[in-house]
A.B. asks: 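Just passing along the structure, written as structure tokens.
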There are 2 protein chains.
Amino acid sequence: MVANRNSIIRLSRYKNALNRLQSLGFVKVFSDNLADAVGCTASQVRKDFSLFGISGNKKGGYQIDNLLEKLQYILGKDKIQKVIIVGAGNIASALMKYKGFEKEGIRLTAAFDIDPSKFKKNNEIPILPLEELKTVVKENQIRIAIIAVPDVAAQQVADLLFEAGIKGILNFAPTRIKSPDDCVVNYVNLEHELENLIYFVNVLDKTKVK
Amino acid sequence: MVANRNSIIRLSRYKNALNRLQSLGFVKVFSDNLADAVGCTASQVRKDFSLFGISGNKKGGYQIDNLLEKLQYILGKDKIQKVIIVGAGNIASALMKYKGFEKEGIRLTAAFDIDPSKFKKNNEIPILPLEELKTVVKENQIRIAIIAVPDVAAQQVADLLFEAGIKGILNFAPTRIKSPDDCVVNYVNLEHELENLIYFVNVLDKTKVK
DNA sequence: TTTTTTTTGCGATTTTTTTCACAAAAAATA
DNA sequence: TATTTTTTGTGAAAAAAATCGCAAAAAAAA
Ligand SMILES: NC(=O)c1ccc[n+]([C@@H]2O[C@H](COP(=O)([O-])OP(=O)(O)OC[C@H]3O[C@@H](n4cnc5c(N)ncnc54)[C@H](O)[C@@H]3O)[C@@H](O)[C@H]2O)c1
Ligand SMILES: NC(=O)c1ccc[n+]([C@@H]2O[C@H](COP(=O)([O-])OP(=O)(O)OC[C@H]3O[C@@H](n4cnc5c(N)ncnc54)[C@H](O)[C@@H]3O)[C@@H](O)[C@H]2O)c1
């Protein structure tokens with residue numbers, strides 16, 4: 001397949017930029033506007049579109065509404081995506097309070113924890129005992145989960161999720177997850193993001209001296 | 001330079017794996033152990049080390065303590081890295097409560113907000129008025145900042161940070177930041193991470209049918 | 001109507017990244 | 001001591017990703 005992680009991330013970025021342009025009243029866009037907006041080259045934009053079979057109009061650029069529709073379809077935004085969270089701690093509570101997911105068609109359906117003091121059955125996003133996870137996943141046909149438990153619990157939680165039928169995990173715990181072949185695990189490791197930043201700040205600092 | 005974002009992220013992963021192995025009592029490690037631990041190939045591990053001038057012992061693998069030291073030096077972990085946060089909202093409060101950063105030599109020094117109701121001068125990590133940002137950055141020679149403000153405020157906050165002398169930003173807001181040449185901006189976009197996951201779950205789902 | 005200008009689409013080329021493959025070193029074994 | 005085994009280190013090869021370059025289409029101008 002043509003798609004790799006970076007190309008899909010770029011599609012998400014194009015989508016964001018298009019939403020912004022649309023809300024500013026723009027109707028069409030050229031590849032170099034998009035390139036500007038997301039920080040890549042115009043030929044990268046066109047190549048990405050070409051690989052996904054998206055075409056525009058010579059000299060006319062791309063119709064924003066049409067382009068958005070296609071990107072949204074590719075990114076699975078034609079339907080609401082239900083997501084659960086395991087581990088109702090600090091990260092989870094930031095995510096649950098965030099209003100931006102719903103706007104993007106991502107619905108946090110429920111959170112789960114082992115600690116009974118965290119349970120809140122009547123919240124808008126209920127926090128439920130781990131024991132109910134399987135039922136909720138099955139009844140709602142949920143395929144995506146977020147892991148926000150301490151690192152030591154991450155693998156066992158992942159195993160439970162796979163058993164329940166989850167196919168994709170976004171893992172905040174700094175632990176590599178062993179997963180079945182038909183499942184995907186993506187990682188958000190904030191320490192590593194900061195280390196990365198520190199490295200490149202140091203590099204720039206050193207090259208400046210020369 | 002040899003380094004790109006992915007290779008540095010891999011170094012962070014090796015470091016994590018090594019810490020774990022060390023705490024389990026291991027003293028040496030082979031490239032294929034590390035490959036296993038982080039999910040890449042053994043030759044990738046050796047090539048990465050080779051590019052950073054790290055060498056081991058033929059037939060003897062790598063000395064964990066020695067290797068860790070070198071990785072930590074490359075990743076700037078030989079000194080404590082002070083970091084500030086702008087926007088003391090949901091994300092920021094999750095980050096401030098997290099104990100893992102200090103263990104990794106990353107010290108959240110202060111947070112800043114424009115909303116006076118958020119100020120907490122006496123917290124362990126104080127939440128201060130934006131006006132004090134410049135002074136704190138200068139006095140502590142801070143180079144790294146995290147942006148956790150609403151998207152509309154992100155660019156103006158970034159400009160303020162650059163003016164104060166910040167060289168690297170980790171941006172949680174879903175907005176591209178225009179930055180000077182000698183500064184780095186990395187992005188954490190959780191919507192995009194979830195979209196990515198959804199895309200690849202859909203792809204796997206479709207290929208399975210065939 | 002003809003010419004010029006602009007912008008796409010995509011094959012070709014270049015660059016970057018990953019994997020391969022094997023000599024060399026060193027330990028283990030015979 | 002000689003042979004076998006194991007593992008590194010790194011050029012060479014392959015694969016993947018990004019960029020280039022230009023024909024073709026279409027709008028705008030002449
Ligand atoms: N908070 C941050 O800013 C931050 C930053 C980087 C990484 N992380 C990582 O994200 C993860 C979550 O961090 P946090 O700060 O939200 O942690 P937290 O301690 O606030 O929350 C963890 C929650 O998981 C629950 N839990 C523990 N074991 C469980 C299990 N087996 N099943 C279900 N629930 C379980 C706990 O009861 C708790 O409510 C951790 O792995 C952490 O390393 C967090
Ligand atoms: N919370 C999440 O889970 C989540 C998920 C994805 C993305 N994000 C993004 O992260 C950012 C922060 O999200 P949040 O949920 O923490 O938001 P929040 O609304 O809880 O907090 C934002 C804080 O920024 C402060 N602020 C506003 N303008 C400011 C300015 N100019 N200078 C300084 N402070 C200012 C506000 O007073 C508030 O305290 C947003 O851009 C959001 O889109 C958050």
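Bear in mind that the values here come from a model prediction, so they are computed numbers and not experimental data. Numbers restart at 1 for each chain; the letters A, B, ... are given by sequence-line order, proteins then strands.
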A.B. asks: So, for A/A173 and A/A154, which heavy atoms are closest and what is the spacing to 0.1 Å?
C.D. replies: CB-CB, 3.8 Å
A.B. asks: Among all residues two or more places apart in sequence or in another chain, which pass the side chain to side chain donor-acceptor pair (under 3.5 Å) test with A/Q44?
C.D. replies: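 So A/Q44 forms no side chain to side chain donor-acceptor pair (under 3.5 Å) with any residue.
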A.B. asks: For A/L21, what residues pass the side chain to side chain contact (heavy atoms under 4.5 Å, CB included) criterion, not counting sequence neighbours?
C.D. replies: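 With neighbours one apart ignored, the set is A/F26, A/V29, A/I64.
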A.B. asks: Dump every N/O contact between nucleotides 11-16 of chain C and the protein below 3.5 Å, one line per pair.
C.D. replies:
residue: C/dG11; atom: N7; partner: A/K47; partner atom: NZ; Å: 3.3
residue: C/dG11; atom: O6; partner: A/K47; partner atom: NZ; Å: 3.3

A.B. asks: Over how many whole Å does the gap from B/I54 atom CD1 to D/dT7 atom P extend?
C.D. replies: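 From B/I54 CD1 to D/dT7 P: 20 Å.
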A.B. asks: In chain order, what residues pass the salt bridge (Lys or Arg N to Asp or Glu O under 4.0 Å) check against A/R176, with sequence neighbours excluded?
C.D. replies: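 Partners of A/R176 by the salt bridge (Lys or Arg N to Asp or Glu O under 4.0 Å) criterion come out as none, since no residue qualifies.
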A.B. asks: Residues in side chain to side chain contact (heavy atoms under 4.5 Å, CB included) with B/N66, at least two apart?
C.D. replies: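 If we apply the side chain to side chain contact (heavy atoms under 4.5 Å, CB included) test to B/N66, skipping adjacent residues, the hits are B/Q63, B/K70.
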A.B. asks: Rounded to whole angstroms, how far apart are CZ on A/F52 and C1' on D/dA17?
C.D. replies: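 In whole Å, D/dA17 C1' lies 13 Å from A/F52 CZ.
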A.B. asks: For D/dA30, give its Watson-Crick or G-U wobble partner with both distances under 3.5 Å, or none.
C.D. replies: C/dT1
A.B. asks: Atom CG of B/N6 to atom C1' of D/dA17: distance rounded to whole Å?
C.D. replies: 12 Å
A.B. asks: Who pairs with B/K59 by salt bridge (Lys or Arg N to Asp or Glu O under 4.0 Å), at least two apart in sequence or on another chain?
C.D. replies: none
A.B. asks: Any ion pair linking A/E195 and B/R13 (charged N to carboxylate O, less than 4.0 Å)?
C.D. replies: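 Here B/R13 does not pair with A/E195 in a salt bridge, since their nearest N and O are not under 4.0 Å apart.
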A.B. asks: List in chain and number order the residues that pass side chain to side chain contact (heavy atoms under 4.5 Å, CB included) with B/E69, two or more places apart in sequence or in another chain; answer none if no residue qualifies.
C.D. replies: none
A.B. asks: Any residue in residues 37-46 of chain B with a heavy atom nearer than 4.0 angstrom to DNA chain C? Just list them by number, or reply none.
C.D. replies: B/T41, B/S43, B/Q44, B/R46
A.B. asks: Taking side chain to side chain donor-acceptor pair (under 3.5 Å) as the test, write out the residues that go with A/Q22, two or more places apart.
C.D. replies: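 Residues passing side chain to side chain donor-acceptor pair (under 3.5 Å) with A/Q22: none at all.
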A.B. asks: Taking only heavy atoms on the protein side, list every residue of residues 59-74 of chain B lying under 4.0 Å from any atom of DNA chain D, sorted numerically.
C.D. replies: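 The answer is B/K59, B/G61, B/Y62.
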A.B. asks: Rounding to a whole Å, what distance do you find between B/L51:CG and C/dT19:C1'?
C.D. replies: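 So the two atoms are 13 Å apart, to the nearest Å.
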A.B. asks: Taking CG from A/N57 and C1' from C/dG9, how many angstroms apart are they, rounded to a whole number?
C.D. replies: 12 Å
A.B. asks: Which pair of heavy atoms, one from A/L75 and one from B/I198, lies closest together, and at what distance?
C.D. replies: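 Minimum heavy-atom separation between A/L75 and B/I198: O-CG2, 3.9 Å.
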A.B. asks: Using side chain to side chain donor-acceptor pair (under 3.5 Å) as the criterion, list what pairs up with B/E191, not counting sequence neighbours.
C.D. replies: A/Y98
A.B. asks: Between A/K134 and A/E139 (salt bridge meaning N to carboxylate O under 4.0 Å), is one present in this structure?
C.D. replies: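 No.
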A.B. asks: Centre-to-centre under 6.0 Å for B/F172 and B/Y187, is that the case here?
C.D. replies: no
A.B. asks: With no hydrogens and no angle check, just 3.5 Å: does a side-chain donor-acceptor pair link A/E193 and A/N189?
C.D. replies: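 The criterion, which ignores hydrogens and geometry beyond distance, is not satisfied for A/N189 and A/E193.
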A.B. asks: Taking NZ from B/K58 and P from C/dA23, how many angstroms apart are they, rounded to a whole number?
C.D. replies: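 Interatomic distance, NZ of B/K58 to P of C/dA23: 12 Å.
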A.B. asks: Measure CG/A/D48 against P/C/dT8 and give the value in whole Å, please.
C.D. replies: 14 Å
A.B. asks: Which residues, if any, of residues 27-35 of chain B bring a heavy atom under 4.0 Å of DNA chain D?
C.D. replies: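 The stretch gives B/F30, B/S31 as the residues lying under 4.0 Å from the strand, ordered by number.
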A.B. asks: Using a 4.0 Å heavy-atom cut-off across all strands, classify A/S55 as base, sugar-phosphate, or nothing.
C.D. replies: sugar-phosphate
A.B. asks: Categorize B/R10 for me: base, sugar-phosphate, or nothing, with a 4.0 angstrom heavy-atom threshold over every strand shown.
C.D. replies: sugar-phosphate
